[in-house]
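All remarks here apply to the structure that follows.
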Amino acid sequence: VQRDTERWQQEPGFGGLQRVGGVDLSYVKGDDASACASLVVLSYPGLEVLYEDCRMVAVSAPYVAGFLAFREVHFLVEAVQKLEQEQPRLKPQVLLVDGNGLLHHRGFGVACHLGVLTDLPCVGVAKKLLQVDGLARDELHREQIRSLQRKGDTFPLTGASGAILGMVSCRGNSYKPLYISVGHRICLETAVRLVKSCCRYRIPEPIRQVQER
């Protein structure tokens, strides 16, 4: 669902939004079968940690480019379900995912997959450009990023098909952009505003916190 579905998404300053989640699956160095599945929930707008859960998991599905969700998302869904069962009052109202949503070879990345399975609004936030639909890390793309560093603004990722697959955002003090895309139950404009509002540093706080666990 590529539109806003929640009242807080329409409110100035996201009034009514109280809990933002971040999820990540990080692998043990040198072992692509052992990973840590992590979920954190932060208060909003204070961005203070309300809940954290990390558990080691055994990953059995092979890595296939473009199908990462089938390898990882099961563990992230389990983390959300565990929270719902044990501390339902801390259930996040939106999830930020270290990965892509519609910006994907098949238009359905891990942020879409997780959003649909949990029925939560979800946003993909990637640190590298996935080169799909004619998008490339070429000189034009680098020039657009340099322009952002001066403006602190954004520009759309428009594929060769004409579809807008996501948005590039750069903080004024960072040379490295973020690639934001819709996962589920949120529109791109709202997703970009939300990610910006969650940034103390380059990486939005829910993802930064979950990756430090």
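In this text the structure is predicted, and so the values were computed from the model without any measurement.
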### Straight-line distance of Leu96 CG to Leu114 CG, nearest 0.5 Å
11.0 Å

#### Entry: Other residues, nucleotides, ligands: >12 heavy atoms within 6.0 Å of Glu189 CD
no

Determine all donor-acceptor pairs shorter than 3.5 Å in which one atom belongs to a side chain in residues 177-186; sequence neighbours excluded.
| residue | atom | partner | partner atom | Å |
| --- | --- | --- | --- | --- |
| Tyr179 | OH | His141 | NE2 | 2.8 |
| Ser181 | OG | Gly101 | N | 2.8 |
| His184 | ND1 | Val1 | N | 3.1 |
| Arg185 | NE | Thr5 | OG1 | 3.0 |
| Arg185 | NH1 | Asp119 | O | 2.6 |
| Arg185 | NH1 | Asp119 | OD1 | 3.3 |
| Arg185 | NH2 | Thr5 | OG1 | 3.4 |
| Arg185 | NH2 | Glu6 | OE2 | 2.1 |

### Message
Please find the pair of heavy atoms, one from Arg200 and one from Gly46, that lie closest to each other, and give the distance.
### Response
NH2-O, 2.8 Å

### Query
Donor-acceptor pair, Gln93 side chain versus Gln18 backbone, under 3.5 Å?
yes

### Task
Indicate yes or no: at least one non-hydrogen side-chain atom of Leu135 is less than 4.5 angstrom from one of Leu130.
no

### Message
I'd like to know if the side chain of Arg7 reaches the main chain of Gly16, judged simply by a donor and an acceptor atom lying under 3.5 Å from each other, with no hydrogens or angles considered.
### Response
no

### Cluster link Leu42 to Leu120, ILVMFWY, side chain under 4.5 Å
no

### Query
If you count the non-hydrogen atoms of other residues, nucleotides and ligands that lie under 6.0 Å from CZ in Arg89, is the total more than 12?
no

### Connected via hydrophobic side-chain network under 4.5 Å: Val94 and Leu102
yes

### Task
Sort out for me which residue in Cys198, Cys199, Ser197 forms a side chain to side chain contact (heavy atoms under 4.5 Å, CB included) with Val195.
Cys199

#### Entry: Flag, side chain of His113 to backbone of Phe108, donor-acceptor distance under 3.5 Å
no

### Message
Could you list the cluster mates of Leu68? Members are the ILVMFWY residues connected by side-chain heavy atoms closer than 4.5 Å, either directly or through other members.
### Response
Tyr63

#### Entry: Heavy-atom pair of closest approach, residues Gly66 and His105
CA-CD2, 4.3 Å

### Message
I'd like to know if Arg193 and Glu11 make a salt bridge, using a cut-off of under 4.0 Å between side-chain N and carboxylate O.
### Response
no

### Beyond-backbone contact of Asp98 with Gln211, side-chain heavy atoms, under 4.5 angstrom
yes

### Message
Please check if the number of heavy atoms outside Arg142 that lie under 6.0 Å from its CZ is greater than 12.
### Response
yes

### Task
Show the numbers, then the answer: is there a side-chain contact (heavy atoms from CB on, under 4.5 Å) between Leu39 and Leu95?
CA-CA 10 Å; Leu39 165 67; Leu95 290 171; 4.2 Å; yes

### Task
List the steps and the verdict of side-chain contact (heavy atoms from CB on, under 4.5 Å) for Val168 and Gln144.
CA-CA 9 Å; Val168 183; Gln144 289 174 312; over 6 Å; no

### Task
Please test Val64 against Phe70 for side-chain contact (heavy atoms from CB on, under 4.5 Å), starting from the C-alpha separation and ending with a verdict.
CA-CA 9 Å; Val64 180; Phe70 291 93; over 6 Å; no

Mind listing the side-chain donor-acceptor pairs of residues 50-58 below 3.5 Å, one per line with the distance, residues two or more places apart or on another chain?
| residue | atom | partner | partner atom | Å |
| --- | --- | --- | --- | --- |
| Glu52 | OE1 | Arg213 | NE | 2.7 |
| Asp53 | OD1 | Lys82 | NZ | 2.9 |
| Arg55 | NH2 | Glu78 | OE1 | 2.2 |

### Euclidean distance, Lys91 NZ relative to Gln85 CD, rounded to 0.5 Å
11.5 Å

### Query
With a 4.5 Å limit on heavy-atom distance, are the side chains of Val40 and Glu205 in contact?
no

### Message
I'd like to check Leu129 versus Leu157 (side-chain heavy atoms, cut-off strictly below 4.5 Å). Are they in contact?
### Response
yes

### Task
State yes or no: do Ile203 and Leu47 share one hydrophobic cluster built from I, L, V, M, F, W and Y residues joined by side-chain heavy-atom distances below 4.5 Å, directly or via other members?
yes

### Message
Side-chain heavy atoms nearer than 4.5 Å, only ILVMFWY residues, links allowed to pass through others: does that put Val41 and Ile207 together?
### Response
no

### 4.5 Å side-chain heavy-atom contact, Leu194 and Pro204
no

### Query
For Val20 and Pro92, which heavy atoms make the closest approach, and how far apart are they?
C-CB, 4.3 Å

### Query
Shared ILVMFWY cluster between Val210 and Leu25, side chains joined below 4.5 angstrom?
no

### Query
Within the distance-only criterion (no hydrogens, no angle test), does the side chain of Asp4 pair as donor or acceptor with the backbone N or O of Cys187 below 3.5 angstrom?
yes

### Message
If I compare all heavy atoms of Gly13 with all of Tyr44, which pair ends up nearest, and what's the gap?
### Response
O-CE2, 4.0 Å

### Task
For the pair Thr154 and Lys196, evaluate side-chain contact (heavy atoms from CB on, under 4.5 Å) and give the outcome as yes or no after the intermediate values.
CA-CA 11 Å; Thr154 61; Lys196 285 183 174 183; 3.5 Å; yes

### Query
Can you find a pair of side-chain heavy atoms, one from Val132 and one from Leu103, that are under 4.5 Å apart?
yes

### Query
Taking atom CG of Leu165 and atom NE2 of His104, what is their separation to the nearest 0.5 Å?
12.0 Å

### Message
If only side-chain N and O atoms count, and only distance matters, is there a donor-acceptor pair under 3.5 Å linking Glu72 with Tyr27?
### Response
yes

